[in-house]
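These notes are about the structure you will find just below.
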Amino acid sequence: MGHITLSNVTKQFGAVEVIPPLDLHIEDGEFVVFVGPSGCGKTTLLRLIAGLEDVTSGSVAIDGTDITGVAAAQRGLAMVFQSYALYPHMPVRDNIGFPLRMAGLDKAEIARKVEAVAETLNLTGHLDARPGQMSGGQRQRVAIGRAIVREPKAFLFDEPLSNLDAALRVNMRLEISELHQRLKTTAIYVTHDQVEAMTMATKIVVLRSGIIEQVGSPMELYNQPRNLFVAGFIGSPKMNFVTGETAAQHGAATIGVRPEHIALSKDAGDWKGRVGIVEHLGSDTFLHVTVPGAGPLTVRVAGEMAVRFGDTVFLTPDANKIHRFDAADNAMSRRP
Amino acid sequence: MLTELGRQRASGGVLRAALAAGTVLAAGFGAQDALAQSGRLVIGAVNNAEFVAMRDLLPEFNRLYPDIEVEFQLVPENEVRARITTDITTQSGIYDLITTGPFEVPMWGRAGWLEPLDALMDDPAYEADDVFQGYLDGLSHDGKLYAAPGSAQASMLYYRADLLEAAGLTMPEAPTWDEVVEIATALHDPAAGQYGLCLRGLPGWGQMGAPLGTVINTFGGRWYDADWNAQITSPETSAAIHFYVETLQNVTPPGVTQFGNQECGQAITTGQAAMLYDDSSWAQVFFDPETNPHAENMAVAMAPVAEAGSKPSAWFWTWAWAVPTSANNKGAALAFISWATGPDYVPYAAPLVGWGNMPGPARQSQYEASSSYSEFAAPFMAVLDRTLATVDGVNGTHYEDTPYTGNQYIQIPEFQDLGNRCTQEFSGAVVGQQTVDEAIGKCQQYAEDVAVNGGYRN
Amino acid sequence: MAFWNRRPAAARGIERASRLRTVLAWGVALFVSFPFLYLATSGLKTEVEAPKMPPAFVPVPEFLNGIPFTYTPTLQNYRLILAGDFMPYFVNSAMATLVSTLIVLLLAIPAAYALTLPQTTSKRNVLFFLISTRFLPVVGVIIPIFLATRFVGLLDNVLALIILYTAMNLPIAVWMMRSFFQDLPADVLDAGRMDGAGTFHELTLIALPMVKNGVLATAFLAIIFAWNEFLLALTLTTTRAATVPLYMISFMSAQGLWYAKMSAAGTLVALPVVILGWFGQKWLVRGLSMGAVK
Amino acid sequence: MKPDAKPALFGRIPILGRFGLWIWRNPLIAPALLVVIVVTQAPFILTVIYSLFRWNLQRPENTAFNGFGNYLDIFRDSRFLDSVVTSLSFTVAAVLLSLLVGLVYALLVHDRFFGRGIVRTLLITPFLIMPIIGALAWKYTVLSPIFGILNWIVRQFGGTPIDWIGMYPVASVVAVLVWRWAPFMMIIILAGLQALNDDQREAARMDGAGPWAETRFIVLPHLKKYLQLSGLLGSIFIVNEFDVIFMLTQGGPGTATTNVPFLIYQSVFYSFDIGHAAAMAVVIVLGTIVVVTYLLKLLGSLMGDLD
């Protein structure tokens with residue numbers, strides 16, 4: 001129904017190469033998240049797939065058919081935009097029905113499908129409202145409705161939740177995940193938020209400067225980051241990196257330990273450090289500890305922890321969970 | 001009414017036949033198309049009162065010629081010249097009928113831009129004998145008439161007898177310029193809103209150029225000598241210009257550089273000016289109590305001359321109707337000419353729109369048209385008759401030999417520009433933008449350029 | 001020390017001007033609009049009253065006559081003008097203005113839209129070429145325009161003015177419409193393309209309804225320029241197609257009693273655009289700055 | 001940005017290069033471009049051709065190719081040189097004064113006060129009125145020695161009526177031009193003022209700036225771009241001003257107010273000297289290009305990224 005293959009795709013804006021040659025395969029029914037820092041080319045990549053930008057070279061195929069030169073509308077994809085991109089002069093009904101109208105469906109059928117979609121998205125009461133009269137969450141649902149009404153081969157989401165407030169964001173995240181569970185339609189989702197990536201994706205694509213750093217399931221990326229960049233990008237709080245003498249002891253240029261993989265003790269441990277800022281989240285406590293010779297480290301402790309600024313503590317990394325990186329920042333095998 | 005109608009038709013008929021032959025030969029127009037007395041007739045005319053009134057009388061014309069749809073455009077003098085000349089010289093066929101004058105008509109006739117109208121003269125119903133021959137001469141070239149006099153005028157001096165009397169002054173019948181200025185100075189009282197004399201200060205060869213031209217002539221000046229050497233800086237011409245500019249500066253209303261024919265006429269009717277040297281067509285306005293509150297105090301004298309015993313000097317002008325060869329509806333144009341300049345127009349129109357709105361008399365019969373007219377015309381008729389009889393307004397009143405013809409203008413196409421430019425410089429001198437001699441120097445230079453560039457002198 | 005400490009009025013907020021400034025602004029405004037206001041008021045006088053001094057500014061009902069600076073208004077000048085030959089001029093002006101504005105919109109909207117599309121190249125060249133033509137002095141090309149108009153037989157034809165006014169207003173209209181189109185959120189247009197709208201539907205169903213105000217503003221500016229145009233009208237029309245400027249030039253020289261009539265005619269001619277301007281002043285900015293200033 | 005993305009001038013005929021032929025295949029742009037080119041470029045090419053001929057409409061038999069003779073003539077003609085000076089002085093004086101007055105207007109009406117809408121409306125009216133009617137109104141209601149209000153005031157103070165247009169023609173024309181164009185400047189400057197962040201002004205006040213310091217150090221620097229733009233646009237419109245001069249002074253008295261456009265008009269319609277008029281037109285167009293080039297650069301920088 002919707003597997004997408006990018007072969008040797010490049011994109012240049014003028015003299016600037018935004019996407020160096022890139023290959024990627026997306027299986028039918030996957031929920032793929034493109035993630036990376038801003039400016040990494042993830043949105044460009046999405047727009048290349050959508051057909052909103054033309055590839056400079058290479059090809060894009062959907063279900064094995066090369067659609068490189070095909071207009072956006074003919075690709076059978078639907079897109080949800082960061083700004084929702086609703087048509088402000090049309091009521092919700094017409095907004096959702098617009099792609100069907102463009103496809104030349106007759107009015108009765110459009111009405112029927114729009115009603116059905118509105119039903120699933122709880123928008124039935126709002127069909128005659130204009131986008132300007134609706135809340136952010138409602139608008140987002142309209143945008144999603146407009147995407148699903150045409151039963152596309154794949155959904156493209158361009159940072160759809162970034163304009164919502166925190167609480168709503170979590171809600172919508174769930175809704176979108178649920179929707180995907182139900183429809184089983186391929187989805188490509190762009191975000192800079194690794195939490196969204198981890199929670200929603202069946203497959204994450206980490207991008208940096210237009211280059212795919214790693215592709216894999218969330219857990220693969222968490223457990224086996226291929227390099228320093230991925231290791232640092234996935235996971236929250238960020239993985240601690242230690243270089244120098246300490247790293248050399250592990251036979252690496254850099255070692256990485258996630259905050260949750262460090263045990264803390266007030267009495268004894270591998271590293272001795274002084275506590276800086278302590279962030280109490282209730283469920284967890286984050287301690288920022290300065291260890292001479294290793295630098296500042298973040299430690300995550302479950303539950304509440306009674307330490308104060310200036311206390312001396314001892315840290316012990318979980319030896320099995322130390323990531324080692326070579327001088328080129330690539331991951332090395334785990335210590336035997 | 002029936003006879004009148006018949007006569008108009010007949011006159012049109014003879015004209016049509018005569019003109020048809022000429023037109024077909026000359027311009028190759030089909031006689032049928034050219035001479036239909038129907039369709040759209042586009043007239044371009046100067047917005048003088050007599051033509052404004054004529055436009056208001058169009059229903060009468062349409063009663064005679066119901067199939068002619070007249071579109072009458074009235075524009076101020078400088079603009080009407082610009083538009084008409086552009087139309088004629090580019091043969092654009094914008095106008096079917098135009099008002100023009102003795103300056104352009106002979107040149108345009110020679111260039112083949114105007115239709116000859118001799119047939120009109122030959123039409124008995126037109127009563128051509130009634131038209132003053134002097135005006136006809138000015139509108140002919142090579143023995144052919146190219147325009148019909150519509151509103152004729154010669155220049156004369158108007159004054160307020162009451163004001164002169166109150167000041168204990170008298171006006172000679174043929175005053176000199178010095179006498180005029182003396183009287184004007186005596187009557188000039190700006191603080192009381194009373195100005196001695198109105199004289200055209202508006203640039204333009206047909207505006208300031210006309211009175212100035214006569215001053216130059218009577219002072220013994222000229223534009224060129226027999227060999228086309230410019231003579232603006234010659235003592236006589238220069239003296240005349242100095243005199244004119246200084247008079248404008250000293251005894252005329254403020255803003256005189258914007259006063260043309262119309263504005264000066266208003267200065268009399270509003271009582272601002274005590275005297276006016278301008279054309280005779282104003283007489284009908286000034287002497288009519290309906291149009292001038294000071295009518296009973298108006299008097300006229302001959303156009304002033306340089307000194308007692310100088311030969312009379314005045315300008316002649318005729319706003320005349322002509323048909324461009326590029327016209328689209330010559331038949332209708334001719335019909336209109338025969339109506340507007342024929343013997344019946346004044347007797348019909350005067351009672352309706354008043355004598356002040358009648359064209360300047362080009363026909364003897366206009367003076368005899370009604371007893372009331374001859375009564376109020378008497379004061380100025382004597383002066384006008386004498387002017388017409390003594391002044392050669394066509395060939396000029398120059399003292400010296402000139403290589404050109406023309407009186408207050410010189411009859412070469414370039415004069416339009418030359419006259420405009422020089423009068424513009426002079427008006428600049430009036431308001432002190434430059435000295436009179438500077439203006440004269442520039443004018444001399446322009447005149448030299450014209451002589452050379454126009455190919456008159458090598 | 002701090003100046004505003006001593007001036008509570010200023011401290012109260014940026015948005016309130018001092019009383020002195022209010023008075024000053026009103027004074028300047030009345031002074032500046034005096035020539036027009038006086039023209040308008042003179043149009044309501046009789047010919048006898050109009051040129052009289054001291055000037056009467058204030059129309060009052062008849063029974064209040066005699067108060068200084070007042071007069072009893074009359075509509076006789078307007079009646080005279082409207083009963084005379086004014087209407088054809090007015091109709092011609094309206095025709096030339098409205099039809100050319102309509103064509104301007106029809107041509108400028110697609111062009112301006114194309115000039116915001118990413119796939120259009122040379123945008124800069126096209127835009128700058130267009131606007132540079134607007135800076136050409138019209139007198140510089142008046143002769144060939146006259147001769148060309150004559151050549152195609154459109155002298156004294158409103159169609160000639162329509163064509164010329166169209167070309168005259170097109171560059172500004174393109175710049176202006178483009179600035180409106182450019183302000184549209186790119187996502188919405190992308191959404192349209194994803195949803196299957198071709199360029200035509202994208203323009204007509206999505207972009208255009210969103211810039212309704214821009215279209216009005218553009219039309220408004222085109223109307224002002226076309227209505228007020230003088231030189232081309234003067235040169236190319238005579239009677240049949242003559243527009244209001246030609247009617248007005250007959251007032252260039254004093255003609256009988258004409259002052260009040262001139263005032264009334266001037267008011268009548270100026271009024272449509274002035275009223276339009278009063279309503280559309282906020283749109284002027286974009287148009288007059290070629291969209292460079294929002 | 002492409003390296004060759006320089007401003008295009010109208011001298012650059014699109015069909016011949018730069019734009020590339022594709023533009024003619026763009027059905028959205030081609031019609032508009034075609035209309036503009038046919039109506040504005042073609043006549044200008046003809047003007048250039050005419051300028052090489054001796055051609056007076058009144059003497060068609062005298063027409064002949066004249067090379068650059070017309071250009072030599074006009075540069076020897078003091079009238080043309082004078083008119084260039086007149087044009088420039090009108091432009092400089094009127095633009096600077098309009099800017100100043102426009103700035104004053106804008107500062108006066110930017111902040112809210114009682115009746116601000118009406119005041120703004122009254123202030124922009126001069127720009128909306130048909131220029132020839134504006135000039136008529138000035139000529140007869142303000143400056144006329146007979147009907148003018150100015151002279152009535154003069155007389156109230158015991159003076160004698162003054163022929164304003166005759167005595168002070170340049171000042172009269174500049175006054176009318178400033179009256180007409182200051183609102184234009186005001187409109188653009190107001191837009192600039194609106195774009196000025198109120199926070200900035202408030203911050204300046206918190207930092208102790210009085211109204212003058214606030215204007216001098218915050219408002220004016222911010223307005224620089226807008227002042228440039230309005231000044232340049234104003235220059236281009238004012239240098240081509242014809243209507244006001246036609247109605248108010250007809251270029252006089254003398255040639256005191258004859259600017260280049262009016263001189264060209266006179267040359268065409270009073271002298272019918274097409275050759276000279278065309279040469280003058282070509283010269284003034286070339287002169288305008290210099291200003292326009294600068295303007296386009298400025299516009300380009302104001303417009304941000306194109307292409």
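Lettering follows sequence order; numbering is per chain, from 1. Quantities reported herein were computed from a predicted structural model and do not represent experimental measurements.
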Is [X] close to chain C through its backbone or its side chain, or both, or neither, when contacts mean heavy atoms under 4.5 Å?
X: B/Gln207; answer: neither
X: B/Gln91; answer: both
X: B/Glu79; answer: side chain

How long is the gap from [atom1] on [X] to [atom2] on [Y], to the nearest 0.5 Å?
X: B/Tyr95; Y: C/Thr239; atom1: OH; atom2: OG1; answer: 8.0 Å
X: C/Thr235; Y: B/Arg83; atom1: OG1; atom2: CZ; answer: 7.5 Å
X: C/Arg240; Y: B/Glu69; atom1: CZ; atom2: CD; answer: 5.0 Å
X: C/Asp156; Y: B/Ile94; atom1: CG; atom2: CD1; answer: 7.0 Å
X: B/Leu74; Y: C/Leu246; atom1: CG; atom2: CG; answer: 11.5 Å

Using a strict cut-off of less than 4.0 Å between a Lys/Arg side-chain nitrogen and an Asp/Glu carboxylate oxygen, indicate whether B/Asp87 and C/Arg150 qualify as a salt bridge.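 Between C/Arg150 and B/Asp87 there is no salt bridge, as every charged N stays at least 4.0 Å from the carboxylate O atoms.
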Give me the atom names and distance for the closest heavy-atom approach of C/Phe146 to B/Thr90.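 Taking C/Phe146 first and B/Thr90 second, the nearest heavy atoms are CE2-OG1, 3.5 Å.
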Shortest non-hydrogen contact between C/Ile249 and B/Pro76, atoms and distance: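 The answer is O-CG, 3.3 Å.
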C/Leu147 versus chain B, heavy atoms under 4.5 Å apart: side chain, backbone, both or neither?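 The side chain, not the backbone.
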